[in-house]
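To keep things clear, I will list the structure first and then write my remarks on it.
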Amino acid sequence: MKPRLTLALLLMTLSVTSWAQSSALPEWDKLTPQQREVLIAPVRDRWNDAPPPQRERMLQHGQRWQSMTPEQRELARRGRHRFENMSPEQREQARALFAQMRSMSPAQRDELRERWAKMSPEQRQEWLKANPAKDLPPKR
């Protein structure tokens, strides 16, 4: 993580934590301009540092997030958390499976999940060689 972003997140966490302990957190419209700036600064820095294709993905992700139900958002959070805790090898497998499943019907995805669960590590490596992850955003 970039030092500026890390510092901003740390400061935001400390200020919000101490503020939260003293009172209930207000709605966005009730935040002071300084509090809003603390929340927005890390996103602004990421946006400004990003090349145009990454900015487009960021915008699409934000739009998709806005259209999700609270249940869908919770599932997305759990999936992100699970992905972050994977080993690099597991992440590569997940990327390849995701790339393959994007164009499949739900029934085909279920069938691939069942086959994957029954595969040996060697068979999975063969499958990954035959179905490399493609058309995905670069790894961060």
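Small disclaimer: the values here were computed from a predicted structure and weren't measured.
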Salt-bridge criterion met for Glu74 and Arg77 (N-O under 4.0 Å): yes

Presence of salt bridge, Glu114 and Arg109, under 4.0 angstrom: no

Cluster link [X] to [Y], ILVMFWY, side chain under 4.5 Å:
{"X": "Ile40", "Y": "Leu59", "value": "no"}
{"X": "Leu97", "Y": "Phe83", "value": "no"}
{"X": "Trp116", "Y": "Met104", "value": "yes"}

Side-chain heavy-atom pair Leu75, Gln72 within 4.5 angstrom cut-off: no

Residue pair Asn48 / Arg44, side-chain heavy-atom distance below 4.5 Å: yes

Test side-chain contact (heavy atoms from CB on, under 4.5 Å) applied to Met101 and Leu112, step by step: CA-CA 8 Å; Met101 289 183 177; Leu112 178 56; 3.8 Å; yes

Spatial distance of atom [atom1] ([X]) from atom [atom2] ([Y]) [nearest 0.5 Å]:
{"X": "Arg124", "Y": "Glu89", "atom1": "CZ", "atom2": "CD", "answer": "10.0 Å"}
{"X": "Arg73", "Y": "Gln66", "atom1": "CZ", "atom2": "CD", "answer": "5.5 Å"}
{"X": "Arg115", "Y": "Trp127", "atom1": "CZ", "atom2": "CH2", "answer": "8.0 Å"}
{"X": "Lys118", "Y": "Arg113", "atom1": "NZ", "atom2": "CZ", "answer": "14.5 Å"}
{"X": "Arg46", "Y": "Met58", "atom1": "CZ", "atom2": "CE", "answer": "4.5 Å"}

Steps toward side-chain contact (heavy atoms from CB on, under 4.5 Å) verdict (Leu31, Leu39): CA-CA 10 Å; Leu31 292 174; Leu39 293 167; 3.8 Å; yes

Crowding at CZ, Arg55 (>12 non-hydrogen neighbours, <6.0 Å): yes

Heavy-atom closest pair, residues Ala96 and Asn131: CB-O, 3.7 Å

Heavy-atom donor-acceptor pair, Arg91 side chain to Glu84 backbone, under 3.5 Å: yes

Any donor-acceptor N/O pair, Gln123 side chain to Ser120 backbone, under 3.5 Å: yes

Pairs where residues 63-72 contributes a residue and the test salt bridge (Lys or Arg N to Asp or Glu O under 4.0 Å) is met, not counting sequence neighbours: none

